[in-house]
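Take a look at the structure below.
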Protein chains: 2
Amino acid sequence: MNGKQMIENDVSTEEKIKIAARKLFQEKGFDGTKTRDIAKESGINIALLNYYFRSKQKLFEIIAAEAVKDLFFNLLTILENEDSTIDHKLSQFVEHHVDLLKSNPNLIHFVLSSSHENNPTVESLLNDFKIKAIQSSFASQYIQYAKENKLSESPVHYLLNIVSLTVFPLMIKRLFEGGFDIDPKIYDELLEERKILIPKWIKGMSEA
Amino acid sequence: MNGKQMIENDVSTEEKIKIAARKLFQEKGFDGTKTRDIAKESGINIALLNYYFRSKQKLFEIIAAEAVKDLFFNLLTILENEDSTIDHKLSQFVEHHVDLLKSNPNLIHFVLSSSHENNPTVESLLNDFKIKAIQSSFASQYIQYAKENKLSESPVHYLLNIVSLTVFPLMIKRLFEGGFDIDPKIYDELLEERKILIPKWIKGMSEA
DNA sequence: ATTTGATTTAAACAAATGTTTAATACTTTT
DNA sequence: AAAAGTATTAAACATTTGTTTAAATCAAAT
């Protein structure tokens, strides 16, 4: 039942299905992905999808929850690090997310659309994240930062600005390159530049 | 004859279908929207969809192209206005897009995912926009602005920053409210504040 | 009033889709 | 080696889905 009888260095059938499902769900969404496509992509018999995961819906919920974890887990370890300054956390955040989303361009779209459906696991993961983020050392460091810079605006603006400047350019990469007919490498270089520029800009904004 | 029927009689069958299709495609995507859903939502017989639009695919392409126009047309008139300063254009851009995307929260997601599919009409619209944006008075005003502020970075960064700070917070509205359990009105107020804050921040960034 | 053409309808169609079944192969336990 | 449990398969299944058909209704032109 638990499929742990595999030879250690082979990929289990269960995992093969998940790898294919992850790829297809993130690319084509829930409705755009057909169970037969998942079977073909993973090279398994279609009945095994239901054998291991009960239904396409259940499989999707597992994949969606894992995507949310992928996106937020590393973020949390950055925020919670007691031994790094707020400036260092900011740099780390930008660097980590540019790299993560460069190698996984559909992750953000997938998490956003998954969060719009009713998925209790996803919702509880997001709530968990919220609580831990508020309790993190980053939160107290920000209060100090706001005092020093005499910031009157909501701390949410600060967070929104960091995330917006970092993540949005990765979301429109394809739109940009398609519509504007630009060499992918040029845009990639711009994204690399932003790893250093965004922390600088954020400071400039606080002083404005 | 009641009021509802009169209103319905004013709208052609073709337009009724497009209104329903626009709503459903933007909400559920191409694969998530079923032709019978469109028929039910618009109150027409399902055969009329194919009678007026040949296929679900053709209908989708029309809706997608119109969405791209909705998003970029007003932007272009702002950029091309010879009688407004670059600062005024910036304020106008932020204000217009916050309002537009507040009333049409799915528009961005829809345009982004539409641009990922192969749709010649959408692609040519995006290329048109590119050419006109480069030729606009905004482009020459930016060159002047970059000189005055001794900006060494690519002008693309400047544009990316404006669009990121404006648009991204609207894209994650639902994720934010869901995961963070926040009153929708509070977030709406934050978005209103950003109409004034973003132009201020952009200036601060240029001086950093 | 009749004819012509456009619009609308219920029903039918074939293909696709998610899921289940029942038989077969493979592993582990006894 | 036999039995029991697990994994895999081809085929079947009931629905759903996009599209078409052929008849009916309506509007305008002759």
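Below, chains carry the letters A, B, ... as their sequence lines are ordered, and counting in each starts from 1.
Applying the side-chain contact (heavy atoms from CB on, under 4.5 Å) test to A:T85 and every residue at least two apart in sequence or in another chain returns A:D87, A:H88. For A:S124, the side chain to side chain donor-acceptor pair (under 3.5 Å) criterion is met by no residue, not counting sequence neighbours. Not counting sequence neighbours, the partners of B:K173 by the salt bridge (charged side-chain N to carboxylate O under 4.0 Å, His left out) test are B:E177, B:D188. When the side chain to side chain donor-acceptor pair (under 3.5 Å) test is applied to A:E153, the partners found at least two apart in sequence or on another chain are B:K200. Taking B:D99 as the reference, B:K195 meet the side chain to side chain donor-acceptor pair (under 3.5 Å) condition, with sequence neighbours excluded. Considering only residues two or more places apart in sequence or on other chains, B:E41 meets the salt bridge (charged side-chain N to carboxylate O under 4.0 Å, His left out) condition with B:K23. By the ring pair (Phe, Tyr, Trp, His ring centres under 6.0 Å) test, B:F110 is found to be paired with B:F60, residues two or more places apart in sequence or in another chain being considered.
The side chain of A:T13 places an N or O atom within less than 4.0 Å of a non-bridging phosphate oxygen (OP1 or OP2) of D:dT8.
Within residues 15-33 of chain A, the residues having any heavy atom closer than 4.0 Å to DNA chain C are, in order of number, A:T33. Of the residues in residues 48-60 of chain B, B:L48, B:Y51, B:Y52 come within less than 4.0 Å of DNA chain C through at least one heavy atom, sorted by number.
Of the candidate nucleotides C:dT9, D:dT9, D:dG18, C:dT9 has the atom nearest to the side chain of B:A47.
Ring planes of B:F129 and B:F72: tilted class, angle from 30 to 60°.
If A:I44 and A:R36 are placed on DNA chain D by their nearest nucleotide, the residue sitting closer to the 5' end is A:I44.
Remark: C1' of C:dT9 and CD1 of B:I46 are 12 Å apart, rounded to the nearest angstrom. Rounded to a whole Å, the CG atom of A:N45 is 12 Å from the C1' atom of C:dT20. Summarising the geometry, the separation between CD1 on A:I38 and P on C:dT17 is reported as 12 Å, rounded to the nearest angstrom.
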